[in-house]
Amino acid sequence: MSPAVRAGVPEAVAAVRAAYDDGRTRPLDWRRRQLQGLVRMVTEREEDFNAALKQDLGKNPLEGYLTELSITRAEAEHALKNLTAWARPRRVPVPLGLQPAAAKTEPQPLGVALIIGPWNYPVQLILAPLVGALAAGNAAVLKPSEMAPASSAALARLVPQYLDPDAVAVVEGGADTSSALLKERFDTIFFTGGERVGRIVLQAAAEHLTPVTLELGGKSPAVVLDGQMPAVARRLMYGKLLNAGQTCVAPDYVLVTEDAAPELEKQLAKAARSLFGADASRSPDYGRIVNEDHFDRLVGLMEGGTVLAGGRHDRAERYIEPTVLTGVDPSAPVMQEEIFGPVLPVLRVADLDEAMAFINARPTPLSAYLYSNSAAARARFEQGVRAGSISHNASTVHLAVPELPFGGAGASGTGAYHGRRSFETFSQLRPVFTKNTLVDTLRVAYPPYSGLKKRLLRRLL
Ligand code: NAD
């Protein structure tokens with residue numbers, strides 16, 4: 001545990017701020033060392049993190065590696081490779097009337113960042129934003145989720161061993177600790193979690209006028225028009241069942257046209273069984289629901305339709321079988337809230353227009369997926385649907401592309417990160433304008449405004 005964190009929350013934040021204020025985080029060399037430390041940490045301590053993820057979420061080590069550690073490492077390596085270019089000032093052209101002069105934007109760190117994470121990808125969703133914060137030269141306070149206690153403890157133990165312990169502090173705890181942190185002044189807050197807490201964060205940030213990035217969730221729809229249905233079904237089920245459905249960009253529900261529905265439903269039922277075997281409870285690859293409250297909520301949601309596949313569950317194990325529901329009424333509870341579990345409702349629509357109207361009548365989702373081989377349909381979907389991101393013929397995997405910004409729109413969040421966008425999220429692109437005093441051309445714009453000046457200025461500007 002870093003020295004800062006043994007004290008209380010205000011003292012911990014003050015210690016991190018003192019480290020930021022001493023200027024150590026600004027040189028690119030410090031930033032590089034932190035990013036290298038991050039890469040070493042997720043590489044050398046893969047087993048520690050995977051053991052924690054297994055304990056919290058029953059995550060298979062390969063899934064832990066792919067969806068938490070390797071994504072973090074790729075982000076950090078990408079930042080290391082591009083840091084010099086990202087941090088370089090950029091020249092901006094100066095209009096003739098203001099010349100001679102030079103103008104540039106120069107990325108500045110924002111200062112001390114607060115990063116609050118959720119429980120579903122408890123390691124990645126703390127460390128990937130941290131890559132951006134460190135690359136941009138910030139100090140950071142990290143608040144992992146108390147609902148993934150083993151992962152939170154692993155971060156608290158390992159981060160100070162690999163990163164500058166004065167400038168990066170891990171503060172463990174639940175809502176009380178989070179509220180105490182939010183009372184402190186930060187220079188930016190990066191929050192990943194649900195809409196309810198998102199509002200609390202935004203209100204707290206208003207007190208200090210702190211800029212906020214909100215990475216929230218929502219019901220990400222998948223529309224199926226046509227395609228190779230066995231592949232479509234596997235891609236949908238893979239996205240749905242990753243981390244036992246507890247993924248912010250999981251396809252929440254499917255809208256399928258009447259034509260495509262019979263074959264898709266048949267293939268979904270098949271894919272539900274093929275990924276984890278006839279009895280998913282015995283598969284070492286299949287995760288568990290985070291706690292009993294979520295388990296009970298999900299079992300309740302399963303009553304919203306006819307079970308086409310799956311449906312079995314075991315509370316003692318927090319196990320829910322991969323489940324496909326058909327005949328779901330849009331007013332059923334399963335269609336009112338983010339499912340966040342391995343339950344996939346399938347609803348039928350007449351055509352793409354009806355699907356887009358259905359999506360646009362609801363809060364803006366984090367991602368929207370279209371399965372179709374028609375370029376025209378894809379273009380219409382891109383133009384007609386509101387969503388944080390769009391992905392065609394694939395679900396969830398787009399967030400592993402480092403240079404694709406990742407974030408929501410409307411109810412699913414504000415701001416984005418990954419790749420260069422992370423660097424910019426944690427930077428102020430400060431404009432700098434420079435003239436000399438040798439040639440005082442600006443005098444032409446000063447009063448008194450003669451007729452000649454007026455004519456000249458109107459021509460120039
Ligand atoms: P949550 O909002 O309940 O909790 C997130 C964090 O907020 C935790 O660290 C928690 O300790 C803290 N918190 C809880 N109550 C608080 C309070 N009253 N005041 C201040 N802080 C408080 O979210 P969760 O249940 O951990 O995660 C699930 C949600 O996160 C889902 O909606 C999911 O879609 C979303 N999510 C979004 C992304 C994304 O990248 N957009 C990624 C993963 C999860």
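Side chains included, hydrogens not; waters and symmetry mates left out as well; all remaining heavy atoms used. Each ligand, and each atom within it, is numbered from 1 in the order the structure gives. Here the structure is a predicted model, which is why all the values come from computation and not from measurement.
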Can you find a non-hydrogen atom of E146 under 4.0 Å from ligand 1?
yes
Does an N or O anywhere in L216 fall below 3.5 Å from an N or O of ligand 1?
yes
Show which atoms of ligand 1 fall inside a sub-4.0 Å distance from at least one heavy-atom site of A175.
15 (N), 16 (C), 17 (C), 18 (N)
Could you list the donor-acceptor pairs under 3.5 angstrom formed by side chains in residues 203-212, with sequence neighbours left out?
residue	atom	partner	partner atom	Å
H208	NE2	K183	O	2.9
T210	OG1	F186	O	3.0

Return yes if some donor-acceptor pair links the side-chain N/O of S391 with the main-chain N/O of H398 below 3.5 Å, else return no.
no
Within ligand 1, which atoms have a heavy atom of N120 less than 4.0 Å away?
43 (C), 44 (C)
Below 4.0 angstrom, N of the basic side chain to O of the carboxylate: do K143 and E172 qualify?
no
Given 3.5 Å as the limit, does a donor-acceptor pair link the side chain of T25 with the main chain of G137, or not?
yes
Any side-chain donor paired with an acceptor under 3.5 Å for S151 and D56?
yes
Does G174, backbone or side chain, put an N or O under 3.5 Å from an N or O of ligand 1?
no
Here's a test for you: under side-chain contact (heavy atoms from CB on, under 4.5 Å), which of L241, T396, V224 qualifies with L236?
V224
Would you check the N or O atoms of H294, main chain and side chain alike, for any that come under 3.5 Å of an N or O of ligand 1?
no
In terms of side-chain heavy atoms, does Q246 have a donor or acceptor partner in H294 at a distance below 3.5 Å?
no
So, is E195 polar-close to ligand 1, with some N/O to N/O distance under 3.5 Å?
no
When you measure from atom 3 (O) of ligand 1 to every protein heavy atom, which one gives the shortest distance, and what is it?
V197 CG2, 4.0 Å
Among all protein non-hydrogen atoms, which one is nearest to atom 18 (N) of ligand 1, and what is the separation to 0.1 Å?
I200 CD1, 3.5 Å
for atom 27 (O) of ligand 1, nearest protein heavy atom and its distance come out as P118 CB, 3.4 Å
Tell me which protein heavy atom sits closest to atom 21 (N) of ligand 1, plus the residue, atom name and distance to 0.1 Å.
S178 OG, 2.8 Å
Minimum non-hydrogen distance to atom 7 (O) of ligand 1, winning option of F406, F340, F191
F191
Checking heavy atoms under 4.0 Å, the part of T177 that sits near ligand 1 is neither
With only distance considered, is W119 within less than 3.5 Å of ligand 1 through an N or O on each side?
yes
Any non-hydrogen atom of G413 lying under 4.0 Å from ligand 1?
no
Please list, in number order, the atoms of ligand 1 under 4.0 Å from a heavy atom of G217.
34 (O)
Scan side-chain atoms only and decide if E44 and Y162 contain a donor-acceptor pair under the 3.5 Å cut-off.
yes
Counting heavy atoms only, which part of T192 comes closer than 4.0 Å to ligand 1: side chain, backbone, both or neither?
both
Is there a donor-acceptor pair under 3.5 Å between the side chain of E403 and the backbone N or O of R420?
yes
Do T425 and T213 meet the criterion of a side-chain donor-acceptor pair at a distance under 3.5 Å?
no
Are Y319 and F295, when compared by the centres of their aromatic rings, separated by less than 6.0 Å?
no
So, 4.0 Å and heavy atoms of G117: is ligand 1 close enough to count as a contact?
yes
Check this for me - ligand 1, G193, N or O atoms closer than 3.5 angstrom, yes or no?
yes
Heavy-atom nearest option to atom 23 (O) of ligand 1, drawn from G194, S145, S412, A148:
G194
The one among E338, R199, Q203 that brings a heavy atom closest to atom 32 (O) of ligand 1:
E338
Specify side chain, backbone, both or neither for T247, according to which of its non-hydrogen atoms lie closer than 4.0 Å to ligand 1.
neither
K240 side chain vs D252 backbone, donor-acceptor pair below 3.5 Å
yes
Ring centre gap for F340 and W119 strictly below 6.0 Å
yes
Taking D187 first and then R17, would you say they form a salt bridge - that is, a charged N and a carboxylate O separated by under 4.0 Å?
yes
Contact check: K143 vs ligand 1, nitrogen or oxygen atoms, below 3.5 angstrom:
yes
What protein heavy atom lies closest to atom 39 (C) of ligand 1? Include the residue and the distance to one decimal.
C248 SG, 3.4 Å
